[in-house]
Structures are given as C-alpha cells and as structure tokens.
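These notes are about the structure you will find just below.
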Protein chains: 2
Amino acid sequence: MADTRQKLIVGAMETIRTHGIAGVSARTVAASAGVNQALVFYHFGSVDDLLSEAFLSATRARVERYRERLAAVATVRDLLDVGRRLHEEERALGNVTVLAQLLAGAQSDAKLAGSTAEALGLWVAEIEAVLVRVLAGTPLADLADSAGLAAAVSAAFIGLELFEGVDPVGAHAALTSLEQLAVLVEVMEDLGPVTRRALRAKLRPPAARSPRRSRA
Amino acid sequence: MADTRQKLIVGAMETIRTHGIAGVSARTVAASAGVNQALVFYHFGSVDDLLSEAFLSATRARVERYRERLAAVATVRDLLDVGRRLHEEERALGNVTVLAQLLAGAQSDAKLAGSTAEALGLWVAEIEAVLVRVLAGTPLADLADSAGLAAAVSAAFIGLELFEGVDPVGAHAALTSLEQLAVLVEVMEDLGPVTRRALRAKLRPPAARSPRRSRA
DNA sequence: GTCTATAGCTGGATAGAC
DNA sequence: GTCTATCCAGCTATAGAC
C-alpha cells in the first residue's frame with residue numbers, strides 16, 4: 001500500500017520527538033513505523049530526505065489547522081489566548097520539539113537546513129500576518145518591523161521549548177513573564193490619546209534612527 | 001601531561017560547534033584534540049561525561065569574564081549595548097551554538113540534561129541580577145518576575161541562535177526588533193510621573209490577577 | 001513494493017603492551 | 001598516561017529474491 005510512506009513519515013516524527021535528532025536512523029524510524037528498514041531508502045532515498053519531507057508535510061498540516069483560529073484574532077488579549085492554546089497543543093503533539101531538534105541538526109547539515117528553513121518560514125509568515133493585524137494602531141506598529149517581530153516570537157518559542165527540556169519550572173516562569181510583557185502592549189491600546197501621543201513622540205521614526213551608537 | 005584533559009575539553013567544544021551534537025563521538029573529539037581515542041574514556045569515563053565537564057568549565061569561564069562588564073550596567077541602554085556586544089562575542093566563539101546543541105541533545109539524554117541545566121543556570125542567574133538592577137523603578141519591575149524574565153531572555157537568545165543557522169536575515173531582523181522593543185522600556189524611564197502612574201494603575205498587582213481566563 | 005542478506009563503515013568501550 | 005588492537009553494536013546503502 002501507499003501508506004508505508006505515511007507510516008514512515010509518522011515514524012520519523014515520532015522518533016525525532018522521543019530520541020532527538022541524534023537518535024534518528026533508518027533503523028530506529030523503521031522500527032517506530034513498524035516497517036522494514038530498507039523501505040526508507042526505497043521510498044525516500046535517504047534518511048535526510050525522509051526527515052525533510054516528513055517535517056514539511058507535518059508543518060503544513062499544522063499551519064493549515066491553525067489558519068482559521070489565527071484569522072479570528074483581533075486583539076492582543078485574543079492573541080495571547082490563542083498563542084497559549086497553540087503552544088500547549090503543539091507541545092502535547094511535540095511539534096515544537098521536532099522543530100527545535102531539526103534546527104539543531106540543520107546547523108551542520110545543509111540538506112536539512114533548506115527544508116527546515118522552509119517549514120519555519122510557514123510559521124513565521126502566519127505569525128507575522130496576525131501581528132500586523134493586532135498591532136495596527138499601537139506604538140509597536142511603527143517601532144519594530146513586523147517580519148522581525150514574527151521571527152523573534154518564533155525564536156522565543158523554540159528557545160523556550162529547549163529550555164523546558166532541562167528546566168520546566170524556569171521555562172514556565174519565562175512564558176508567564178512574556179505574557180505579562182505583552183500586557184504592556186495591551187495596556188497601550190487602552191491609553192488615552194494624550195498619553196499615546198507622548199509615547200509616540202518619544203519613539204520617533206525608527207527608520208531615521210542611526211543603526212548603531214549614539215549618545216544617550 | 002595533565003593537559004591532555006585540556007586538549008580533550010577544547011576538542012569537545014570545537015567538535016560540537018562544527019559538527020553539532022549528532023556529530024560528536026569519542027573518535028571525532030579525539031581527532032580534533034589530536035590525541036588518542038581511548039584517552040576519552042581513560043580521563044572522562046564516557047563521551048557524555050566529557051561533554052558535561054567541557055561545557056561547564058567553558059561556561060564558568062565565560063560568565064566569569066562578563067561579570068565585571070555586566071556589573072557596570074545601569075540603564076536599559078547600557079544593557080542593550082553590553083547585550084549586543086556579548087551576543088556578538090559569544091557568537092564568534094560559538095558558545096551559544098554549543099549551548100543550543102547541548103540543549104537539543106539533553107532533551108533525550110538525562111545525563112546531559114543535568115549539566116546543561118547547571119550551565120544554563122549560570123547565565124540565567126547573571127542575567128537576572130542585571131535585570132533586577134536595570135528595571136528597578138520601571139513598570140516592568142512589578143509586572144513580571146525577574147527570574148522568569150531572565151529565563152525568557154536566555155531562551156530568546158538560544159532560539160535566535162538556531163534561527164540564525166537556517167535564516168540569518170530573519171534572525172537579524174528579529175534581534176533588531178527585540179532591541180526596539182526594549183526601547184519601549186527605556187522610554188518608560190523617561191515618562192513624566194503622571195503618565196507613569198497611569199500606566200502603573202493599568203497594570204495593577206499581577207499577583208492578584210487570576211491565573212487563567214477572565215472576561216476582557 | 002517488500003523482504004533478506006550483506007558489504008563496508010563508524011560508533012562505544014575495554015584489555016593489555018609499553 | 002598513552003597507544004594498539006580488538007570486540008561488538010549499530011549505521012547507510014545496495015543487490016537480489018520474492
């Protein structure tokens with residue numbers, strides 16, 4: 001059947017999740033999938049190619065699944081709610097774990113780097129779209145560029161995932177802090193126009209700001 | 001000589017840096033150190049033990065080296081300057097790379113997890129001390145707990161490092177955005193007392209805030 | 001498409017000569 | 001303390017039977 005491919009894809013994700021990128025091999029993946037080891041090479045050519053394809057298809061499915069919910073986000077408070085929900089769901093499924101492992105592997109494996117970057121890009125693009133919508137009108141909108149912010153948010157989640165593996169308490173505290181930071185932005189939405197203008201004036205056009213060094 | 005140990009420690013760091021956690025073995029490390037493979041086991045017992053010891057000693061040395069500079073930080077602007085400097089220096093030396101790789105490995109290796117957590121803790125503690133000093137008096141001081149913030153900052157840098165490996169442009173934009181976010185905090189330092197009190201009132205005691213769900 | 005078998009390599013770890 | 005030699009496990013990848 002054509003679902004040996006599917007079994008291998010599922011097995012690949014499962015293996016990265018449980019054994020980490022260093023524990024992935026044609027044998028471990030095939031064992032987890034319950035199929036013969038040689039089929040990895042028959043269907044995908046190499047282990048790396050299997051990983052790439054598995055991760056891309058898994059990510060596409062996840063992003064798809066969240067598109068609707070993200071589209072409904074209109075305020076910072078919404079974003080935090082959906083964000084936490086997404087984080088918990090992804091955590092339970094282990095997708096962020098997989099992303100972190102692949103990123104680690106990709107640092108010294110050009111082949112993995114390409115597909116990992118592509119999958120990561122799917123998330124970043126989605127996050128950016130939401131941020132643009134939610135931050136419109138807040139001082140942040142003209143403070144930081146949206147692509148950069150989206151990348152920063154993604155990076156933070158990846159780092160948190162790794163952090164959580166060795167220090168769950170610390171990671172939880174970090175997540176809470178980040179949420180409270182976001183409250184700052186939320187608060188700005190509710191400020192009176194006078195205060196807002198004062199803030200805005202302080203922030204000035206960021207494009208005109210010299211890129212490095214200037215006296216405080 | 002007793003510096004075979006040292007050679008192996010240096011070789012271990014170098015190997016993680018260049019080949020990633022998945023590329024580390026007694027043989028690759030020994031080759032990079034220019035010593036015999038069997039000496040890994042004679043001096044350290046196992047590869048994992050070597051990695052643990054190497055990383056802890058390297059981290060201790062780095063934290064030591066930055067203690068002074070961090071102690072001189074008094075404002076958010078200072079913090080950003082030193083932070084960027086530190087980030088660039090660590091990047092050039094590859095220490096954050098190593099940290100990220102070890103964290104990835106530690107997710108499925110309890111032995112690594114312990115020592116990695118310990119080393120990570122060294123950085124977090126240092127960062128927290130600075131944050132407490134710098135944020136004293138800003139609304140952030142009572143918004144988020146300092147340990148959580150320090151962990152969040154650390155996690156963000158780790159995530160950025162991995163991000164950078166597959167998308168350098170995106171990672172750079174993310175870092176820039178984070179710096180501009182920090183400007184928000186800086187701006188608050190300069191706000192008049194009236195505005196500040198308004199902000200503070202909005203933020204309220206975070207301890208009294210119900211942990212989840214409440215109508216907006 | 002799937003399986004067995006196997007070549008050829010790299011891995012951790014140890015024994016024992018020096 | 002260091003080196004050689006070695007065992008054995010696990011790895012990628014392929015050839016070839018079914």
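In this text, all values refer to a predicted model and were calculated from it rather than measured experimentally.
In B:H87, the NE2 atom is crowded: over 12 heavy atoms of neighbouring residues, nucleotides or ligands sit closer than 6.0 Å.
The closest side-chain donor-acceptor pair between B:T97 and A:Q107, if any, does not fall under 3.5 angstrom. At a cut-off of 3.5 Å, with distance as the only test, a side-chain donor of B:E128 or B:S146 sits close to an acceptor on the other residue. Using modelled atom types, one finds a donor on one side chain and an acceptor on the other under 3.5 Å when comparing A:D49 with A:S46.
Rounded to an integer number of Å, the gap from CZ of A:F44 to P of D:dA13 is 14 Å. Distance, A:L50 CG to D:dA13 C1': 15 Å, rounded to whole Å. Distance B:L51 CG to C:dG11 C1': 14 Å, rounded to the nearest Å. Taking atom NZ of residue B:K7 and atom C1' of nucleotide D:dC3, one finds them 14 Å apart after rounding to whole Å. One interatomic measurement links the two molecules: NE2 of B:H43 to P of D:dC3, which rounds to 9 Å at whole-angstrom precision. Atom C1' of nucleotide D:dA13 and atom CG of A:N36 are separated by 13 Å, given to the nearest angstrom.
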- Message: Counting primed atoms plus P, OP1 and OP2 as sugar-phosphate and everything else as base, spell out the protein contacts along nucleotides 13-18 of chain C at 4.0 Å heavy-atom distance: B, S or - for each nucleotide, 5' to 3'.
- Response: BB----
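With salt bridges taken as basic N to acidic carboxylate O contacts below 4.0 Å, none links A:R85 and A:E90. Using a cutoff of 4.0 Å between basic side-chain nitrogens and carboxylate oxygens, A:E88 and A:R91 are not scored as salt-bridged.
Neither OP1 nor OP2 of C:dT10 sits under 4.0 Å from any side-chain N or O of B:S25.
When distances are taken from the side chain of B:T4 to each of D:dT2, D:dC11, D:dT4, the shortest belongs to D:dT2.
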